[in-house]
Every structure is written in structure tokens, then in C-alpha cells.
Amino acid sequence: MTNTIQEFHDVQWENGQDLVDILTNLQQSITTDPALEENEQKRALKAVETLAKEGKKPPEEQDQDIAGMALDALQGISATVGHATTLAAFAEKYLPTLSKLFGLGG
């Protein structure tokens with residue numbers, strides 16, 4: 001998945017670098033969060049990978065339904081593990097920004 005994020009470091013659309021930075025930090029939060037069980041970590045990383053794949057596309061080609069489902073998955077996982085986790089803190093701070101970057105409001 002790191003490759004997926006690295007592949008779009010050169011994305012040239014507005015706010016593309018913001019997306020790269022947020023997804024990179026989100027991935028790091030997931031992989032270093034001791035409160036996440038292995039299956040939760042895998043699901044969260046898969047959601048980040050989905051967002052990275054959609055983020056590589058120009059905004060007009062991004063599938064908002066797929067991005068929305070990935071964001072919903074991250075929000076659900078972070079809510080399940082509790083507010084004291086790294087993922088929950090990150091999600092609370094950055095999921096609204098991710099939603100806006102994918103044109104989902106939020």
C-alpha cells in the first residue's frame with residue numbers, strides 16, 4: 001500500500017499533496033496504533049489504499065461512492081476502538097478534510 005501512496009506524490013491536481021500527506025500520516029497512525037487488532041488494522045489499511053487509488057485519479061474521475069465507503073469504514077473502525085487511540089484522534093481531526101478533498105462535503 002505504501003507504493004500506492006508513493007505513486008501519486010506527483011499528482012498535479014489542486015490539494016493533491018494535502019491528500020498524500022494525510023494518507024501517509026493516516027497509514028502511519030494505523031500501523032503504529034497498539035489498540036487496533038490485526039483485522040481492524042487490515043481493514044483500515046485497505047480503506048487507506050482505496051482512498052489512495054481514488055486519489056491518484058483526477059477529481060472528475062474519482063468515484064465518490066467508493067471514496068465515501070472507504071471513509072465510512074475508517075470512521076467505523078475508529079469509533080469501535082475508542083477515543084484514546086491514535087487512529088481515533090487522527091480520524092476525528094482529518095476525516096472531515098478527506099471528505100472535502102474527495103468532494104463529499106463534511
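Worth saying up front: this structure is predicted, and the values here are computed from it rather than measured. Hydrogens, waters and symmetry mates play no part in the numbers below; they use all other heavy atoms, side chains included.
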For the residue pair [X] and [Y], what are the closest heavy atoms and their distance?
| X | Y | answer |
| --- | --- | --- |
| Ala91 | Ser78 | CB-OG, 3.6 Å |
| Leu19 | Gly55 | CD2-CA, 3.5 Å |
| Ala67 | Leu104 | C-CD1, 4.2 Å |

Just checking Glu38: does its CD atom have more than 12 heavy atoms from other residues, nucleotides or ligands closer to it than 6.0 angstrom?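 No, the 6.0 Å shell around CD holds no more than 12 heavy atoms from other groups.
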
Counting distance only, does the side-chain N/O of [X] pair as donor-acceptor with the main-chain N or O of [Y] below 3.5 Å?
| X | Y | result |
| --- | --- | --- |
| Glu54 | Ile66 | no |
| Thr85 | Val81 | no |
| Glu92 | Ala89 | no |

Which distance, rounded to the nearest 0.5 Å, do you find between the [atom1] of [X] and the [atom2] of [Y]?
| X | Y | atom1 | atom2 | result |
| --- | --- | --- | --- | --- |
| Gln41 | Ile77 | CD | CD1 | 10.5 Å |
| Arg43 | Ile30 | CZ | CD1 | 11.0 Å |
| Tyr94 | Ile22 | OH | CD1 | 6.5 Å |
| Leu51 | Leu71 | CG | CG | 5.0 Å |
| Phe102 | Asp65 | CZ | CG | 13.0 Å |
| Leu98 | Lys93 | CG | NZ | 13.0 Å |

Among Thr80, Thr31, Asp33, which residue satisfies the side-chain contact (heavy atoms from CB on, under 4.5 Å) criterion with Leu87?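 Filter result, single survivor: Asp33.
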
Side chain to side chain contact (heavy atoms under 4.5 Å, CB included) for Thr24 and Gln28? Distances and angles first, verdict last. CA-CA 6 Å; Thr24 300; Gln28 190 173 30; 5.9 Å; no

